[in-house]
2 protein chains.
Amino acid sequence: MKYSKQREKIQEYLKSVKTHPTANQIYSELIKEIPNLSLGTVYRNLDNLYTQGLIKKVRTYDDTDRFDGDLSMHYHVVCACCGKIEDGFDEYFDNISKKLEQNLDCKILSDNLIFNVLCSKCKDNLRRK
Amino acid sequence: MKYSKQREKIQEYLKSVKTHPTANQIYSELIKEIPNLSLGTVYRNLDNLYTQGLIKKVRTYDDTDRFDGDLSMHYHVVCACCGKIEDGFDEYFDNISKKLEQNLDCKILSDNLIFNVLCSKCKDNLRRK
DNA sequence: TTCTAAAATAGTAATGATTACTATTTTTAA
DNA sequence: TTAAAAATAGTAATCATTACTATTTTAGAA
């Protein structure tokens, strides 16, 4: 794989934010620095980076993929009401994946754990209505 | 929500199979019984059933949603090479979700845990090449 | 440094899953 | 039996993502 400024900037950007942006959001941000950036280039490089294991793909319950530069073992909590996305860490999650690789004799390429929730705030708001 | 034969058949079908079919696959199967069934009706009812918590939505890494009539707490293992989907059960998974609801004081509406793997067979096949 | 083939890009067109729309049919409760 | 509410079939529209192509960039050899 040859070097490209576009790919470097995409990876850099994903490492710098905790917002789990979509391809479109990444494009909108980076076009400020790279004025002739193409959306297709963003998609292609996100796919390259994902395939290489250099970024994570987060599939929430909405119709758009999100991307994450944080490679540590973690899951995501998405509020179905306000849309907020939070990271979640739990040693049990590591345990599940380790057991799985042993029991099935398989190699995990990537994982995606999403909890679609009603967050504390939104739950309280509903109660007041 | 009023009764509809279409919705009943969709739910029935999902309870009877372990294949995690797509909307299109469900449509192709049920049109044998309901000759004028519409794909839009399948999508609408899948969404109804999912929102009511009567079926699960499985989001693998391909671009198509899959559906599951098995409501027990389980995850899915998808081989990136041969496409095989297997169910996985682990008490740790229950633990993660229980802890999450307590710690964040939130209500889990649905969950989706996918492991994208190279299964045992495909791993061996690669080795031989 | 110059040259060249391979790989990447920008810009645009195509794809395909899903959703929206509307006239018609079905359900359900009075 | 009837009428309003909800569901359906069939079709059109949407929109995230992928494919395509002419041009540009990269990287290694001369």
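Residue A/L39 contributes atom CG, which lies 17 Å from atom P of C/dA14 at whole-angstrom precision. Separating the OH atom of B/Y61 from the C1' atom of D/dA16 is a distance of 18 Å, rounded to the nearest angstrom. Rounded to whole angstrom, the span from the CZ atom of A/R59 across to the C1' atom of D/dA16 amounts to 11 Å. Rounding to whole angstrom units, CG of residue A/L37 and P of D/dT25 are separated by 14 Å. Spacing between atom CG of A/N48 and atom C1' of D/dT18 amounts to 13 Å, rounded to whole angstrom units. Distance, B/I34 CD1 to D/dG10 C1': 16 Å, rounded to whole Å. We find that CZ of A/R7 is positioned 9 Å from C1' of C/dA7, with the value rounded to whole Å. In this structure, OH of B/Y27 is placed 12 Å from C1' of D/dT11, rounded to the nearest angstrom.
Of the two residues near DNA chain C, B/T22 and A/S4, the one whose nearest nucleotide lies more 5' is A/S4. For the pair B/T64 and A/G40, nearest-nucleotide mapping onto DNA chain C gives the more 5' position to A/G40. Along DNA chain D, the nucleotide nearest to B/D63 and the one nearest to B/N45 differ in position, and the one closer to the 5' end is contacted by B/N45.
B/D47 comes within 4.0 angstrom of nothing in the nucleic acid, heavy atoms only.
Heavy atoms of other residues, nucleotides or ligands lying less than 6.0 angstrom from NZ of B/K99 number more than 12.
One finds a salt bridge joining A/E29 and A/K32 here, because a Lys/Arg side-chain nitrogen approaches an Asp/Glu carboxylate oxygen to under 4.0 Å.
Partner of B/R59 under the salt bridge (charged side-chain N to carboxylate O under 4.0 Å, His left out) criterion, chosen from B/D65, B/D68, B/D111: B/D65.
An OP1 or OP2 oxygen of D/dA9 is reached within less than 4.0 angstrom by a side-chain nitrogen or oxygen of B/T41. A sub-4.0 Å separation between OP1 or OP2 of D/dT25 and a side-chain N or O of A/Q6 is absent. A close approach under 4.0 Å does occur between a side-chain nitrogen or oxygen of A/Y43 and OP1 or OP2 of D/dT17.
In this structure, the side-chain hydrogen bond (donor to acceptor under 3.5 Å, both in side chains) partners of B/S110, at least two apart in sequence or on a different chain, are A/N116, B/Y50.
Distance from the side chain of A/K2 is smallest for C/dA7 among the nucleotides C/dA7, D/dG10, C/dG11.
Classification of the B/Y92-A/Y92 ring pair by plane angle, with boundaries at 30° and 60°, yields parallel.
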